[in-house]
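Please read the structure below before turning to the comments.
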Amino acid sequence: MNNKEKFIRYEKLLKEWSTKMNLVAPSTLLNIQERHIQDSAQLADFIPKNVKIIDLGSGAGFPGVVLAIMGWNVTCIESITKKTNFLSVLKTELDLPNLTVVNDRIEKFLSKTPVNAGDFVFTARAFAPLIKILDYTVKTKCRLFLLKGREIETEIITAKTKYKFDYALYPSKTGDGKILYIKSIK
């Protein structure tokens, strides 16, 4: 199965599973390709190929599964078992040996898993406010590539009250959100 076929299959599975549980907003099921897949895929322009990705709060697999289809080694962390079951089905159905699915809370996973800043980066989409993401990841010293919404400037101001970090904001190619790149977190 080539990548195009994998994305078509992913879309079909997402629609099927969404009839049983809330994976994405129902209104976005009419435009999965642009709203979810292309939105996630735009991170490929920023993330080096030689790193492993830890996707926080993976939910329906955005952006983690999309990046795994595109060739990265990705670990999807999801605490909700039914969503982890969906991610495991994607791993099998899309034949993604480079995808690891972990059913755990992020703080527990990071407390027992060594994460080297040079080898790993974090991604997240529609997961948590920036300050909460930094609470989880600050000790790892890893870079972050986050798909954030319109309120990101406010989230940055709030996070800067607790943390120092270098960042860059890039406009989304698929909507009014932003891509937030963070490094040097203290």
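Atom OG in Ser111 sits 12.0 Å away from atom CD1 in Ile106 (nearest 0.5 Å). To the nearest 0.5 Å, the span separating CD1 on Ile8 from CG on Leu94 amounts to 11.5 Å. Expressed to the nearest 0.5 Å, how far CD1 of Ile32 lies from CG of Leu13 amounts to 10.0 Å. The line from CD1 of Ile77 to CG of Asn103 is 9.5 Å long, rounded to the nearest 0.5 Å. Of the inter-residue distances, the one linking Ile80 atom CD1 with Leu87 atom CG reads 10.5 Å to the nearest 0.5 angstrom. Annotation: the span from Ser172 atom OG to Asp39 atom CG amounts to 5.0 Å, rounded to 0.5 Å.
Of the possible donor and acceptor atoms, none in the side chain of Glu34 sits under 3.5 Å from a partner among the backbone N and O of Asn31. No donor-acceptor distance shorter than 3.5 angstrom exists from the side chain of Thr113 to the backbone of Leu110, with no hydrogens or angles considered. Checking side-chain atoms of Glu155 against main-chain N and O of Pro129 turns up no donor-acceptor pair under 3.5 Å. Looking only at distances, a side-chain donor or acceptor of Asn3 sits under 3.5 Å from a matching main-chain atom of Ile69. Side chain of Glu78 to main chain of Gly59: a donor-acceptor pair is present (N/O by atom type, distance under 3.5 Å, no hydrogens or angles).
Residues Arg150 and Glu153 share a closest heavy-atom pair of O-OE1, 3.4 Å. When all heavy atoms of Cys76 and Gly64 are compared, the closest pair comes out as SG-CA, 4.1 Å. Smallest separation of non-hydrogen atoms from Leu67 and Ser40: CD2-O, 4.2 Å. When all heavy atoms are compared, the tightest approach of Ala68 to Val74 is N-CG2, 3.7 Å. Minimum interatomic distance between Leu14 and Ala60 (heavy atoms only, all atoms of both residues): CD1-CB, 4.0 Å. Considering all non-hydrogen atoms of both residues, Met21 and Lys82 come closest at CE-O, 3.2 Å.
Using cut-offs of 30° and 60° on the angle between ring planes, the pair Tyr10 and Phe86 is tilted. Below 30°, between 30° and 60°, or above 60°: for Phe127 and Tyr136 the angle between ring planes is between 30° and 60°, a tilted geometry.
Remark: Lys52 is not positioned above the aromatic ring of Trp72, lacking an NZ or CZ atom under 6.0 angstrom from the ring centre and at most 45 degrees off the axis.
You'll find the side chain of Thr137 reaches within 4.5 Å of the side chain of Thr140, heavy atoms only. Leu169 places a side-chain heavy atom less than 4.5 Å from the side chain of Ile156. Proximity of Leu144 to Tyr167: side-chain heavy atoms (C-beta onward) are nowhere separated by under 4.5 Å. In this structure, the side chains of Ile47 and Val121 come closer than 4.5 Å at one or more pairs of heavy atoms. By the 4.5 Å heavy-atom criterion applied to side chains, Leu146 and Arg125 are not counted as neighbours.
Residue Phe7 is grouped with residue Leu23 when hydrophobic side chains (ILVMFWY) are merged at heavy-atom distances under 4.5 angstrom, including chains of intermediate members. Residues Leu43 and Phe120 fall into different hydrophobic clusters, defined by Ile, Leu, Val, Met, Phe, Trp and Tyr side chains chained together at heavy-atom separations under 4.5 Å. Residues Phe145 and Leu180 are members of separate hydrophobic clusters, defined by side-chain heavy-atom contacts under 4.5 angstrom among Ile, Leu, Val, Met, Phe, Trp and Tyr. Cluster membership check: Leu96 shares its hydrophobic cluster with Trp17, using side-chain heavy-atom separations under 4.5 Å among Ile, Leu, Val, Met, Phe, Trp and Tyr. Cluster membership check: Ile182 does not share its hydrophobic cluster with Leu147, using side-chain heavy-atom separations under 4.5 Å among Ile, Leu, Val, Met, Phe, Trp and Tyr.
Crowding of Lys49 atom NZ: a count of heavy atoms from other residues, nucleotides or ligands under 6.0 Å exceeding 12. Annotation for Gln33: atom CD counts as buried by contact number, over 12 foreign heavy atoms lying within 6.0 Å. Taking a 6.0 Å sphere around NZ of Lys20, one finds it holds more than 12 heavy atoms contributed by other residues, nucleotides or ligands. Counting non-hydrogen atoms of neighbouring residues, nucleotides and ligands closer than 6.0 angstrom, the NZ atom of Lys183 reaches no more than 12 such neighbours.
Taking Asn50 as the reference, nothing meets the side-chain hydrogen bond (donor to acceptor under 3.5 Å, both in side chains) condition, with sequence neighbours excluded. Legend: residues meeting side-chain contact (heavy atoms from CB on, under 4.5 Å) with Pro97, ordered by chain and number and at least two apart, are Asp95. Applying the side-chain hydrogen bond (donor to acceptor under 3.5 Å, both in side chains) criterion to Asp135, with sequence neighbours excluded, gives Lys162, Tyr163.
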For this session: Assess whether side-chain contact (heavy atoms from CB on, under 4.5 Å) is satisfied between Lys173 and Gln38, documenting all intermediate values.
Result: CA-CA 8 Å; Lys173 295 177 183 176; Gln38 290 175 20; over 6 Å; no
For this session: Could you check Thr28 against His36 for side-chain contact (heavy atoms from CB on, under 4.5 Å), going step by step and ending with a plain yes or no?
Result: CA-CA 8 Å; Thr28 67; His36 298 293; 2.7 Å; yes
Exercise. Hey, mind stepping through Leu29 and Val24 against side-chain contact (heavy atoms from CB on, under 4.5 Å) and telling me if it holds?
Worked result: CA-CA 7 Å; Leu29 288 172; Val24 296; 3.6 Å; yes
For this session: Applying side-chain contact (heavy atoms from CB on, under 4.5 Å), run through Ile185 and Lys141 and close with a yes or a no.
Result: CA-CA 6 Å; Ile185 307 162; Lys141 309 251 187 269; over 6 Å; no
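A salt bridge links Lys15 with Glu11: the distance from a Lys NZ or Arg NE/NH1/NH2 to an Asp or Glu carboxylate oxygen falls below 4.0 Å. Between Lys112 and Asp104, at least one side-chain nitrogen of the basic residue sits less than 4.0 Å from a carboxylate oxygen of the acidic one, meeting the salt-bridge criterion.
With Ser58 as reference, Asp55 is the one residue of Asp55, Leu56, Ile54 to meet the side chain to side chain contact (heavy atoms under 4.5 Å, CB included) rule.
For Phe46 and Tyr170, the ring centers are positioned less than 6.0 Å apart. Taking the six-membered ring for Trp and the full ring otherwise, the centers of Phe165 and Tyr181 sit at least 6.0 Å from each other.
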